[in-house]
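Worksheet: the structure to be examined is printed underneath.
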Number of protein chains: 2
Amino acid sequence: MTKKFSKAATAKAETRNAEAGDEAAPVSNRATRAAERRDAIVAAAMEEFITRGFAATRLDDIARRAGVAKGTIYLHFKDKESMFEELVRTVIVPVVAKLNALPPPTGSVRDLIETFAGNFLKEVIGTRRGDLVRLIVAEGPRFPAVADFYYREVVSRGMAGMRALIELGIARGEIQQAKLARYPQILIAPAMIAVIWQSLFARHAPLDAQDMLRVHLDLIFGERRTT
Amino acid sequence: MTKKFSKAATAKAETRNAEAGDEAAPVSNRATRAAERRDAIVAAAMEEFITRGFAATRLDDIARRAGVAKGTIYLHFKDKESMFEELVRTVIVPVVAKLNALPPPTGSVRDLIETFAGNFLKEVIGTRRGDLVRLIVAEGPRFPAVADFYYREVVSRGMAGMRALIELGIARGEIQQAKLARYPQILIAPAMIAVIWQSLFARHAPLDAQDMLRVHLDLIFGERRTT
DNA sequence: CATTTATGACTGACTAGTCAGTCAATGTCA
DNA sequence: TGACATTGACTGACTAGTCAGTCATAAATG
């Protein structure tokens with residue numbers, strides 16, 4: 001049993017390596033291997049936490065999925081709780097990076113937002129990232145640190161960005177409703193609802209998020225004209 | 001210990017009785033007491049599940065909060081899981097009743113929806129009911145039965161009602177954007193976001209839900225005019 | 001071979017669910 | 001009506017099992 005498990009774990013590690021496309025050669029120095037393991041643990045934990053929630057997730061399952069012994073987890077994380085918090089941070093950081101690297105505002109505000117919405121659709125709705133959002137909603141109240149972090153890094157920035165766009169749209173006359181700048185939430189709300197809808201009700205009533213967002217933008221900017 | 005505990009439970013039951021406003025007289029037959037206890041358990045469970053989530057909630061805590069022994073819970077519910085499911089049903093049923101008893105559409109559609117939004121604000125946002133919505137979002141994926149029930153009883157009905165209102169608004173010329181009828185979600189989205197916002201971010205950035213909903217309605221119906 | 005890294009068997013704390021026993025409420029009978 | 005019998009709602013100590021976190025041991029590394 002022990003033997004078999006060991007072998008399986010090794011095989012898995014190699015597979016992961018191959019997938020990652022490293023040079024076929026000697027594979028790694030210590031730091032690299034350690035980082036790879038950490039990544040594997042993070043990925044496995046993400047999967048487990050998303051499907052079971054924090055409390056119901058077993059570290060044994062994370063370890064097995066990551067192809068690692070349970071003790072190894074404790075070489076990278078203090079305990080289950082801080083693992084969860086760091087996990088959220090780790091996954092969110094690249095998102096923030098992307099938000100910061102948004103293209104400068106050229107073209108109409110409507111086009112900008114439409115592009116943004118398109119990316120959001122592709123990269124969030126119906127993906128692991130979307131599930132992460134739901135997970136944060138679910139566990140946030142019990143993990144103030146997570147809720148705080150998410151607010152600071154994602155929500156407040158996203159809101160500020162949206163507000164700027166809205167103000168630009170108002171200045172340019174693309175947006176009529178001036179008070180909208182007070183509540184960027186209104187602009188984002190349908191997208192968030194789409195995220196939640198997908199994971200709760202998709203099988204009852206599939207939602208064409210793309211189309212819904214377009215209708216919403218028409219509402220804000222006025223019906224689209226083929227200029 | 002046993003004596004003391006018994007007394008406490010009895011006292012509690014009587015208090016509840018008084019509140020319920022039954023005839024002051026003989027206090028209870030067996031069936032009544034049983035129903036009262038069930039209610040106490042449901043209330044306690046609601047509180048615990050909301051604050052800790054399903055997996056992290058201890059039946060011992062529910063029992064203590066309800067002023068009941070753990071075994072008693074099992075006289076009313078098969079197990080923890082079905083207790084959770086029945087709990088959600090029990091709490092949601094009165095909401096459905098209210099939805100069904102909506103006033104017939106007189107007056108402008110805008111006023112109707114504004115009234116509806118007002119009630120929603122008062123009775124859901126920032127209340128236990130709002131927390132219940134968050135709980136359903138949180139646990140839904142792990143309790144398909146709950147998600148199904150919630151969809152069938154609340155979401156689909158609410159959506160149908162909203163769609164009808166929107167179509168009425170379009171017919172009357174109050175609403176310009178005809179395609180809105182395809183996505184009642186757009187109308188409801190900011191309200192849902194407000195619910196979630198309250199429980200996650202209220203302390204970082206309090207949200208004036210009332211005002212936000214008004215802005216949103218202005219967006220849909222056009223700026224309010226003092227006719 | 002000394003040191004760093006990884007392992008997984010083990011421990012102890014914790015909890016869902018059970019069940020033998022208690023006792024207040026109800027029923028029965030003289 | 002009062003004495004006694006029956007019921008079944010209720011209790012809480014207990015069982016069987018789970019799981020986060022530890023640590024002695026083993027493998028890998030340089």
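Each chain gets a letter, A, B and so on, in the order the sequences are listed, and its residues count up from 1. Heavy atoms only: backbone and side chains are in, while hydrogens, waters and symmetry mates are out.
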* Under 30°, 30 to 60°, or over 60°: which ring-plane class applies to Phe49(B) and Phe54(B), parallel, tilted or perpendicular? -> parallel
* Once you round it to whole Å, what is the distance between C1' of dG21(D) and CG of Asp79(A)? -> 9 Å
* Structure fact -> Whole-Å distance, Leu59(B) CG to dT18(C) C1', equals 13 Å
* Rounding to a whole Å, what distance do you find between Phe77(A):CZ and dT22(D):P? -> 16 Å
* Asked: Could you state the CZ-P distance from Arg38(B) to dC10(D), rounded to the nearest angstrom?
  -> 13 Å
* May I ask you to decide if the ring planes of Phe201(B) and Tyr150(A) are parallel, tilted or perpendicular, using 30° and 60° as cut-offs? => parallel
* Asked: Can you check whether Arg37(B) has a side-chain N or O nearer than 4.0 Å to OP1 or OP2 of dT11(D)?
  -> yes
* Asked: Any donor-acceptor pair under 3.5 Å between the side chain of Lys70(A) and the base of dG21(D)?
  -> yes
* To do: Let me know the distance between CD of Glu48(B) and C1' of dT15(C), rounded to the nearest Å.
  => 14 Å
* Asked: Please give, in whole Å, the distance from dA6(C) C1' to Glu36(A) CD?
  -> 15 Å
* Structure fact -> Separation of dA9(D) atom P from Asp39(B) atom CG, nearest Å, is 16 Å
* Given that Ala56(B) and His76(A) both sit by DNA chain C, which one's nearest nucleotide is further toward the 5' end? -> His76(A)
* Indicate, with a heavy-atom threshold strictly under 4.0 Å, whether Leu75(B) touches base, sugar-phosphate, or nothing. => base
* Parallel, tilted or perpendicular: ring planes of Phe84(B) versus Phe143(B), cut at 30 and 60 degrees -> tilted
* Asked: Whole Å only: how far is the CG atom of Asp60(A) from the C1' atom of dG21(D)?
  -> 11 Å
* To do: Might you point out which heavy atoms bring Ile166(A) and Pro184(A) nearest each other, and give the distance in Å?
  => CD1-CA, 4.0 Å
* Asked: Of the nucleotides dT18(C), dC10(D), dG8(C), which has the atom closest to the Tyr74(B) side chain?
  -> dT18(C)
